[in-house]
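Here the structure comes first, spelled out in structure tokens, and everything after it is commentary.
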Number of protein chains: 2
Amino acid sequence: MFVSSYDGWVNPRERRAARHQPPKPEAEANPRPRRRKAPITVEQVIDTALGVIATEGYEALTMRRLAGALDTGPASLYAHVVNKADLDELVIGRLCAELVLPEPDPAAWREQIRGVCTQIRDQYLKYPGISRAALAMAPTDLEIVRVSEGMLAILLAGGVAPQAAAWAIDALLLYVAAYCLEVSIMRQRSAHDDAAWVFDRDELLRRFTALPAETFPHTSRYAAELTAGEGHDRFDFTLNLMIDGLAHGQPG
Amino acid sequence: MFVSSYDGWVNPRERRAARHQPPKPEAEANPRPRRRKAPITVEQVIDTALGVIATEGYEALTMRRLAGALDTGPASLYAHVVNKADLDELVIGRLCAELVLPEPDPAAWREQIRGVCTQIRDQYLKYPGISRAALAMAPTDLEIVRVSEGMLAILLAGGVAPQAAAWAIDALLLYVAAYCLEVSIMRQRSAHDDAAWVFDRDELLRRFTALPAETFPHTSRYAAELTAGEGHDRFDFTLNLMIDGLAHGQPG
DNA sequence: TCTATATACGAACAGTGTTCGTGTCAAGTT
DNA sequence: AACTTGACACGAACACTGTTCGTATATAGA
């Protein structure tokens with residue numbers, strides 16, 4: 001059986017399957033670096049994809065635009081990537097690979113888990129809209145498992161029960177992705193959308209206070225609270241809510 | 001100024017703007033029911049859109065398919081709807097309108113808020129994938145404000161501080177939408193996707209236990225916990241986590 | 001040198017949201 | 001009763017999207 005000379009697999013389907021398998025113990029990588037003058041690499045594809053997302057947002061990451069950024073046509077990408085979904089998977093994997101996971105410290109598990117979530121948030125927001133892709137991701141990509149493993153280690157070290165820890169990781173990752181998706185949508189709208197679809201906080205506050213007090217008493221009364229939250233106050237609040245809930249459930 | 005004869009606005013843009021304004025006190029509806037034999041109504045559009053989503057999923061809700069279900073062309077829809085985003089807004093509004101909000105009972109606020117979230121979850125899952133649209137929604141649609149008002153009333157009656165209540169509502173709605181999106185994606189994949197992208201729990205468990213214990217010790221050790229959760233156990237867990245956190249923060 | 005083969009890529013297909021222009025038909029006015 | 005009016009319906013088209021097919025190319029091994 002013939003084996004390609006830059007990485008160990010012939011077509012991108014096999015490459016994708018390999019990414020989800022446990023890593024082979026005998027890892028002999030890149031036997032000979034390149035074959036032609038400028039062959040497009042998967043790494044190159046991921047890099048430019050992340051560049052497109054960082055500058056134009058995830059919605060702008062189309063196969064054609066990505067191919068254009070690589071000075072080629074869209075068909076060329078399919079030699080390196082199975083799918084658009086596969087490309088998303090690769091991009092999220094790269095993003096997860098850049099997260100640094102701390103050595104678990106039982107005394108500081110709250111700060112540590114908060115720190116990991118904050119890292120994920122900042123990474124998601126650095127690439128606006130990418131959390132949409134993260135929400136649709138299968139949890140078997142090795143880099144994602146690595147993050148999950150790191151979070152699990154922190155919570156277990158903190159004395160959280162295994163079942164609670166496992167479910168809490170799921171809840172945290174889900175919330176962080178949803179929060180970042182909302183923030184990205186808001187920012188994108190306020191950036192390049194024409195009026196009537198953009199609502200900044202002042203506009204929202206004005207609308208809530210203008211609601212009829214008979215049918216919406218609490219909304220108009222507490223409009224300030226509903227629209228409050230500088231920066232990531234809402235994010236911090238929710239994380240503390242969940243982490244405190246975890247700590248309270250355990251005698252740790 | 002001329003006024004159309006079936007509802008009070010000329011074009012769908014004005015209709016959309018009116019939906020986000022506080023309701024006019026003098027509401028005189030449908031002066032004369034219909035003008036032509038079978039004119040398409042906005043209500044009709046929303047109904048068939050929900051039908052399409054319920055049977056084929058949100059991804060199948062395209063303007064052309066919706067137009068086809070109404071026996072017309074896609075251009076005809078734009079007389080009733082500004083946008084695809086506007087259609088999504090209308091659909092979510094209808095969905096929210098069907099939620100029943102309980103009279104706040106200070107003694108039972110936990111069960112009440114849990115009940116509302118469960119209703120939203122079931123409504124989202126009844127229309128698979130629609131939570132994707134809900135995540136991108138502006139919070140000024142009157143039906144959404146109505147739900148938010150109802151949840152706020154429950155939490156305030158339960159003695160939760162206004163700021164905590166406001167942020168908790170946001171967190172809960174965000175989590176419910178994200179959870180339902182994930183569940184919908186999973187179900188859709190296991191329904192009509194070919195292999196290699198579908199992961200049921202057994203497959204997941206097998207993969208997690210097969211991971212090398214040196215690099216993924218906790219994941220392989222607690223694979224059962226990571227993949228556990230019959231029905232909506234994960235959902236219930238997270239809701240309890242947040243609600244308990246709210247209750248603990250307040251001396252109620 | 002010659003063949004084998006993985007890669008590159010132009011062209012095309014089916015699908016999407018959206019707009020333009022035109023035709024149609026009921027209501028209000030003369 | 002004839003006429004204007006203006007909202008609606010709708011065919012056709014545009015600019016996109018992801019994806020595939022077939023072919024050309026240039027290198028690795030014989």
Side-chain angles (χ1 to χ4, degrees), chain A residues 1-15 31-42 44-45 49 52 56-89 132-133 136 193-194 197, chain B residues 1-15 31-42 44-45 49 52 56-89 133 136 194 197:
Chain A
M1 177 179 281
F2 184 79
V3 174
S4 160
S5 34
Y6 12 137
D7 41 16
W9 299 277
V10 176
N11 61 46
R13 304 198 99 89
E14 295 180 23
R15 277 200 280 263
R32 247 157 293 178
R34 62 190 67 121
R35 202 176 76 153
R36 199 178 296 188
K37 193 91 130 300
I40 298 174
T41 324
V42 187
Q44 215 177 335
V45 171
V52 170
E56 304 182 59
Y58 174 72
E59 306 238 310
L61 180 68
T62 69
M63 300 303 268
R64 282 180 167 78
R65 216 178 288 240
L66 177 57
L70 287 162
D71 278 321
T72 180
S76 305
L77 297 176
Y78 286 85
H80 307 275
V81 154
V82 183
N83 242 345
K84 177 82 197 313
D86 185 36
L87 176 65
D88 291 343
E89 221 170 65
R132 164 190 243 79
D193 242 4
D194 42 354
W197 252 278
Chain B
M1 179 179 279
F2 183 81
V3 174
S4 160
S5 33
Y6 13 136
D7 41 16
W9 299 278
V10 177
N11 61 46
R13 305 198 101 88
E14 296 180 21
R15 278 201 280 263
R32 248 156 292 180
R34 64 193 64 124
R35 203 175 76 152
R36 201 178 294 188
K37 194 89 131 304
I40 298 173
T41 323
V42 186
Q44 216 176 336
V45 171
V52 169
E56 304 182 60
Y58 173 73
E59 305 239 311
L61 180 68
T62 69
M63 300 302 268
R64 281 182 167 76
R65 217 179 287 241
L66 179 56
L70 287 162
D71 277 321
T72 179
S76 304
L77 296 176
Y78 286 85
H80 306 276
V81 155
V82 183
N83 242 345
K84 178 84 198 309
D86 185 37
L87 176 66
D88 291 343
E89 221 170 65
D194 42 355
W197 252 277

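- The shortest side-chain heavy-atom distance between A/Tyr58 and A/Asp88 falls under the 4.5 Å cut-off.
- Considering only side-chain N and O atoms, B/Thr72 lies nowhere under 4.0 angstrom from the phosphate OP1 or OP2 of D/dA9.
- Here the P atom of nucleotide C/dT16 and the CD atom of A/Glu59 are 18 Å apart, to the nearest Å.
- Residues A/Leu87 and A/Leu77 form no side-chain contact, since every pair of their non-hydrogen atoms from C-beta on lies 4.5 Å or further apart.
- A straight line from CG of A/Leu77 to P of C/dA6 spans 19 Å, rounded to a whole angstrom.
- Atom NZ in A/Lys84 sits about 17 Å away from atom P in D/dC16, given to the nearest Å.
- With distances taken from any side-chain atom of B/Thr62 to the nucleotides C/dT18, C/dT16, C/dA8, the minimum falls on C/dT16.
- One can place CG of A/Leu87 at 14 Å from C1' of D/dT17, the figure rounded to the nearest angstrom.
- Ranked by how close their nearest DNA chain D nucleotide is to the 5' end, B/Ser76 and A/Ala60 are led by B/Ser76.
- Between B/Met63 atom CE and D/dC14 atom C1' the separation is 16 Å, expressed in whole Å.
- Here B/His80 reaches the OP1 or OP2 of D/dA9: one of its side-chain N or O atoms lies under 4.0 Å away.
- Judged by atom type and distance alone, B/Arg64 does not reach the base of C/dG15 through any side-chain donor-acceptor pair under 3.5 Å.
- A straight line from CG of A/Asn83 to P of D/dT17 spans 17 Å, rounded to a whole angstrom.
- A/Arg65 has its CZ atom 15 Å from the P atom of D/dA15, to the nearest Å.
- Between the side chains of B/Tyr78 and B/Asn83, no donor-acceptor pair is found at a separation under 3.5 Å.
- Rounded to an integer number of Å, the gap from OH of A/Tyr78 to P of C/dA12 is 18 Å.
- Side chains of B/Glu56 and B/Arg65 form a contact here, defined as non-hydrogen atoms less than 4.5 Å apart.
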